[in-house]
*Asks:* 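Provided herewith is a single structure, encoded as structure tokens, for subsequent inquiry.
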Amino acid sequence: MPVSHTATAPEATTNRALRAFLHGLPGVDEVGARARAQDLSTRSIKTTAKAQAIDLAISMVDLTTLEGADTPGKVRALCAKAALPDPADRTVPRVGAVCVYPDMVATAVGALRGTGVGVASVATAFPAGRAPLEVKLADTRRAVADGAAEIDMVIDRGAFLSGDYLKVHDEITAVKEACGPAHLKVILETGELVTYDNVRRASHLAIRAGADFIKTSTGKVAPAATPPVVLVMLEAVRDHHAATGARVGVKPAGGIRTTKDAIRQLVLVNEIAGPAWLTPDLFRIGASSLLNDLLMQRTRLTTGTYPGPDYYTQD
Amino acid sequence: MIFEYAPAPESRSVVTLRETYDLFVDGEFAPAEGGEYLTTLNPADETKLAQVAVAGEADVDRAVAAARRAYDTVWSRMSGAERGKYLFRIARIIQERSRELAVLESMDNGKPIKETRDVDLPLVAAHFFYYAGWADKLRHAGLGPDPRPLGVAAQVIPWNFPLLMLAWKIAPALATGNTVVLKPAETTPLTALVFAEICQEADLPPGVVNILTGAGETGRALVEHPGTDKVAFTGSTEVGRRIARSVAGTDKRVTLELGGKGANIVYDDAAIDQAVEGIVSGIFFNQGHVCCAGSRLLVQESIAEELLPRLKDRVAKLRLGDPLDKNTDIGAINSAAQLERIRALTDSGTDEGVERWSPACDLPSTGYWFAPTLLTGVSQAHRVAREEIFGPVLSVLTFRTPEEAVAKANNTPYGLSAGVWTEKGSRMLWTAERLRAGVIWSNTFNKFDPTSPFGGYKESGYGREGGRHGLEAYLG
């Protein structure tokens, strides 16, 4: 008989115990999970509901730039946009956070001072995560010391796929500790985990190890934040809440480019985890090009016409 | 925050309703000889949609004669390839007019637009395409070297899937060279009448398809008419019995698709979230107006406590309301009479001591509505575990061993469908082999496809529709 997800997870943290816990979780039927996500994608969001959804989505965006070619100037421009997404319309809410590489944290923190927008940083040898633990911890501590309020860490997919759940668990726990007051978002890189069973297990593993958020992807691997993957992760946080009363956030990242994509994600949140998750504290969308589309759709709703793409800054 | 979906009603403007609809006989619309009409209502708001002629015995005579003439002079002589062309043409017109048909079906039946649009209409077109493909290949169907049509088919269909049942009946009949007289249900005749227009649009030879509207008396006159060679009926077991009696001793061929009380078996190793989805679609699809609905949930006792809260949580999220709203999951009950029957049967469960649960949900003040309902603490002896409720009411039973699951699943006079939920392949096959049901779904429910035969065991009827097997019912 499988171990119930609502059962208390085993006390002793050994690889054997973790394995028993994770493999005792109910399976995910791929066909069914896809069908449910597809079914929810046909919910029709219009007018008032759409206006509400767009503002909510804007406030959930982790405006991201993760390029080798990032410069302080580019990061400052991004920060300006994060604090005031549409200078022509000051009713637009600010975004959830700005997400940058660790070496850009100080720049971003300086640029965002007084705006209320936090800085998230992909510490822990992003995106591959292939570095010794002490390097990852140093990366994390430095980003936090520079003022990052949120750390996005990648899990060791190699360890996970080879069944070394303890290694993954202990790394997350150690990084969580190194985060201090900063929030920890754990990137599962679902495109490399391949199966939905793995996504569910990795979600529970990350939650158990102390993640404040579970995040789909680095954005460097496709497929990234597909609706069925997000659905499975939302089920995991919902189940964790049912079992413990604690709420863990979810952050899809990668491939969410249009308002329609974002609204579909919100529908998933609403109907799978529940309306309590419809807040930037518990749901974020990692994106770079999404914001402009949200702004365009917002203008279209308020003025009735589409502005051209040139009305919005490109970075 | 509260995330409200805005109402998103589908426009009715794609549908042009006529004040009155006449019978479709010999390629023409003509009034019934008796001059009598019945009114068809929108069950979601009880407004009148149209008046529809009631066919009497004289009309049945005319329609059967027209079908016979068309059979003898045109349709049975035509090559299969030619018949196939007509069917392909009909299928394409259905696709072209699918928006109109979906909206009309929703208005007449009460089912949500997302089901008519995303399930019914694609399947209707697919059935015509599928059987169109068979029309010139009948000799290769494995039904003998030179299979022959039977003649005139009398077809009576129910109100739960008006247009889909029409497709299930008419497409294989025409593909095999038979002509038909079809009677749609009295509460949902409108899409069949639009289908009659489609037959005209496709230049189908007059008399090949005839549509007679009316109630039970019309159906009886059609089924008992001596000029027909085949009776095909989908509906209640009670009426099916009467039909079987009335054709006994004649040389008519009969297929009956009757009631069901399908078991949905959930083992403790099932993918639980998807099983919950399957349970919901098994019983709440089309408001439970599905003969193969999974109306008896058999859940393994060891996970019942975990599964039921998830199920309730999910059912509470179903959106009930305007069938034409794209966000609606559950529409209206088809008629006042059916609503009464659902109420009576559900109340009988409460009287017998089962526990009843429905989510807090506002029902519209007009129209026929019934909140999705779970009955727990049900045992095999309760009426709600034995009789078909044909509504959004799920009876929940538990079992401890696979043997017990199979015994309980089979302990019913019906045998139309069953679902089995397990991640273990060997257990799936072990269970499926032992279930006495025509369709067994594995880790899914209520999936239909024109290539897949459908039909029942025991009191769920006899004969198969769909697939290659569906041809057999129309070939001698």
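No hydrogens, no waters, no symmetry mates; every other heavy atom, side chains included, goes into these values. Within every chain, numbering begins at 1; the chains are lettered A, B, ... in the order of the sequence lines, protein sequences first and strands thereafter.
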*Asks:* Top residue by heavy-atom pair count (under 4.5 Å) with chain B, among Thr48(A), Val28(A), Val31(A), Asp39(A)?
*Replies:* Val28(A)
*Asks:* Using non-hydrogen atoms and a 4.5 Å limit, figure out which bit of Ala270(B) sits close to chain A: side chain, backbone, both or neither.
*Replies:* backbone
*Asks:* Can you tell which part of Val267(A) gets under 4.5 Å to a heavy atom of chain B, answering side chain, backbone, both or neither?
*Replies:* both
*Asks:* Decide whether a cation-pi geometry holds between Arg208(A) and Phe21(A); the criteria are a distance under 6.0 Å from NZ or CZ to the six-membered ring centre and an angle within 45° of the ring axis.
*Replies:* yes
*Asks:* Mind checking whether Tyr267(B) and Phe399(B) have parallel, tilted or perpendicular rings, split at 30° and 60°?
*Replies:* perpendicular
*Asks:* With chain A as the partner, which of Lys326(B), Arg314(B), Glu423(B), Arg319(B) has the greatest number of non-hydrogen pairs under 4.5 Å?
*Replies:* Arg314(B)
*Asks:* Pair Lys185(A), Glu150(A) - check salt bridge (Lys or Arg N to Asp or Glu O under 4.0 Å), show working.
*Replies:* CA-CA 7 Å; Lys185(A) 305 193 194 112; Glu150(A) 299 168 9; 2.5 Å; yes
*Asks:* Return the option, out of Leu266(A), Val232(A), Leu231(A), with the maximum number of heavy-atom pairs under 4.5 Å with chain B.
*Replies:* Leu266(A)
*Asks:* Go through the atoms of Glu235(A) and report whether side chain, backbone, both or neither lie under 4.5 Å from a heavy atom of chain B.
*Replies:* side chain
*Asks:* Picking from Ser44(A), Ala35(A), Gly32(A), Ala49(A), which has the most non-hydrogen pairs under 4.5 angstrom with chain B?
*Replies:* Ser44(A)
*Asks:* Among Asp89(A), Asp293(A), Asp86(A), whose salt bridge (charged side-chain N to carboxylate O under 4.0 Å, His left out) with Arg298(A) holds?
*Replies:* Asp89(A)
*Asks:* Would you mind telling me which of Asn286(B), Val119(B), Val439(B), Val290(B) makes a side chain to side chain contact (heavy atoms under 4.5 Å, CB included) with Asn446(B)?
*Replies:* Val290(B)
*Asks:* Test the Arg19(A)-Tyr165(A) pair against the cation-pi criterion, namely NZ or CZ under 6.0 angstrom from the six-membered ring centroid and within 45° of the ring axis.
*Replies:* no
